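First the structure, in the form of structure tokens, and then the observations on it.
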Amino acid sequence: MTLTGSCMCGSIAYTVEADTYVSALCHCNDCQKWSGGAFTSNAVVPRASFKVTKGTPNSYDGIGTSGKINKHFFCPTCGSSLYTELEIMPDMTCIKAGTLDGGEANFKGKVDVEFYVKDRPAYLVAVEGAKQEQLLG
């Protein structure tokens, strides 16, 4: 399966060649701060399958609850959040689902897992059928 995506202005584009991905919501405080929302929605793919095909994103290193680095990549022109490389998950890339082309942000109607549900705002409820993880892992 080939996935493609880009930032809002089109300066940065990427492609993924992977058999599948894990659809994940993350409610950790780092994701809340980075997204400006209650969580991030992510397509988690093997890092080796992910390739930036246009432009050069900027990055910012945050420190996660684990004490490890969360490297956030974003467009230097429009500021779109693109993907994260977590030191705690060295073989995976977490693509921000809203940047995916072709309606893939819908995750084909299924969320596989929610991470850091301990930090999920009280006004949200668990996604039915999704694995619920207190932390990452």
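For this chain, numbers begin at 1 and follow the sequence in order. These figures come from a predicted structure and were not determined experimentally.
With R47 contributing its side chain and D91 its backbone, the two residues share no donor-acceptor pair below 3.5 Å. One N or O on the side chain of E87 and one on the backbone of I69 form a donor-acceptor pair closer than 3.5 Å. In this structure a side-chain-to-backbone donor-acceptor pair under 3.5 Å is missing from E128 to A126. The main-chain N or O of S23 is found under 3.5 Å from a side-chain atom of D112 such that the two form a donor-acceptor pair. A donor-acceptor pair is defined here as one N or O able to donate and one able to accept, closer than 3.5 Å; such a pair exists between the side chain of Q32 and the backbone of D119. A distance-only check finds a donor-acceptor pair linking the side chain of K54 to the backbone of G10 [under 3.5 Å]. The main-chain N or O of E17 is never found under 3.5 Å from a side-chain atom of T2 such that the two would form a donor-acceptor pair. A donor-acceptor pair under 3.5 Å is absent between the side-chain atoms of S80 and the main chain of L82, judged by distance alone. Not one N or O on the side chain of T84 forms a donor-acceptor pair closer than 3.5 Å with the backbone of L86.
In this structure, Y14 and K96 approach most closely via the heavy-atom pair OH-O, 4.3 Å. When every heavy atom of P57 is checked against every heavy atom of V52, the shortest pair comes out as CD-CG1, 4.3 Å. Here the shortest heavy-atom pairing between F74 and G79 reads CB-O, 4.2 Å. Considering every non-hydrogen atom in both L100 and A43, the closest pair reads CD1-CB, 4.0 Å.
Linking Ile, Leu, Val, Met, Phe, Trp and Tyr whenever their side-chain heavy atoms come within less than 4.5 Å puts V22 and M92 in one cluster. In the hydrophobic clustering of this structure, F73 groups with V45; members are Ile, Leu, Val, Met, Phe, Trp, Tyr whose side-chain heavy atoms approach within less than 4.5 Å, directly or through other members. Hydrophobic cluster membership differs between Y60 and I63, with clusters built from Ile, Leu, Val, Met, Phe, Trp and Tyr side chains linked at under 4.5 angstrom. Linking ILVMFWY residues whenever their side-chain heavy atoms come closer than 4.5 Å, directly or via other members, places V16 and I12 in the same cluster. Connection of V44 to V113 is established within a shared hydrophobic cluster, with ILVMFWY side chains joined at heavy-atom distances below 4.5 Å, either directly or through further cluster members.
For the pair S81 and S35, the minimum side-chain heavy-atom distance is 4.5 Å or more. Using a 4.5 Å cut-off on side-chain heavy atoms (C-beta onward), N42 and I95 make no contact. Counting heavy atoms from C-beta on, the side chains of T99 and C7 never come closer than 4.5 Å. Annotation: side chain of Y21 is in contact with side chain of M1 (closest heavy-atom distance under 4.5 Å). Side chains of E133 and Y116 form no contact here, defined as non-hydrogen atoms less than 4.5 Å apart.
The structure places OG of S41 at 4.5 Å from CZ of F107, a figure rounded to the nearest 0.5 Å. Taking SG of C94 as the start and CE of M89 as the end, the distance is 4.5 Å to the nearest 0.5 Å.
Taking a 6.0 Å sphere around CG of D19, one finds it holds 12 or fewer heavy atoms contributed by other residues, nucleotides or ligands. When the shell of 6.0 Å around NZ of K71 is examined, it contains more than 12 heavy atoms from other residues, nucleotides or ligands. Environment of NZ in K118: crowded, with over 12 heavy atoms of neighbouring residues, nucleotides or ligands closer than 6.0 Å.
Among N58, D61, T40, D30, the single residue meeting the side-chain hydrogen bond (donor to acceptor under 3.5 Å, both in side chains) criterion with H72 is D30.
Within the 6.0 Å centre-distance limit, the rings of F39 and H27 are counted as a close aromatic pair.
Using a cutoff of 4.0 Å between basic side-chain nitrogens and carboxylate oxygens, K131 and E114 are not scored as salt-bridged.
Classification of the F50-Y83 ring pair by plane angle, with boundaries at 30° and 60°, yields tilted.
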request  = Starting from the C-alpha separation in whole Å, work towards a yes-or-no answer on side-chain contact (heavy atoms from CB on, under 4.5 Å) for L3 and E104.
outcome  = CA-CA 8 Å; L3 294 173; E104 283 296 321; 3.7 Å; yes
request  = Could you give me the CA-CA distance, side-chain angles and deciding distance for S6 and D101, then say whether side-chain contact (heavy atoms from CB on, under 4.5 Å) is met?
outcome  = CA-CA 7 Å; S6 65; D101 294 335; 4.3 Å; yes
